[in-house]
Amino acid sequence: MTDRDPVAEGERAARENIPAEVNPYSDGSDEHALWSAGHEKIAGAIEARESEGG
C-alpha cells in the first residue's frame, strides 16, 4: 500500500491525541483538508462521548 490516505491518517492522529495543529500536509492542499476532516470526525466523537459521560 503506497498510497497515503489523509483521512485515515487524521483519524488515527485524533485517536492518539495528536493535536490538529500538527497536520503534516501543506495548508490549503486537498490532503490538508482531508486530514483535518478525518481528525475532526474522530475528535468530535471523542469529545461528545466524554461530555456525555460526565
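No experiment lies behind these values; they were computed from the predicted model shown.
Under the salt bridge (Lys or Arg N to Asp or Glu O under 4.0 Å) criterion, no residue pair touches residues 29-39, with sequence neighbours excluded.
Considering every non-hydrogen atom in both A13 and W35, the closest pair reads CB-CZ2, 3.5 Å.
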Report all side-chain donor-acceptor pairs from residues 37-48 shorter than 3.5 Å, counting only partners two or more places apart or in another chain.
unit_1, atom_1, unit_2, atom_2, d
H39, NE2, I18, O, 2.7
K41, NZ, E11, OE2, 3.4

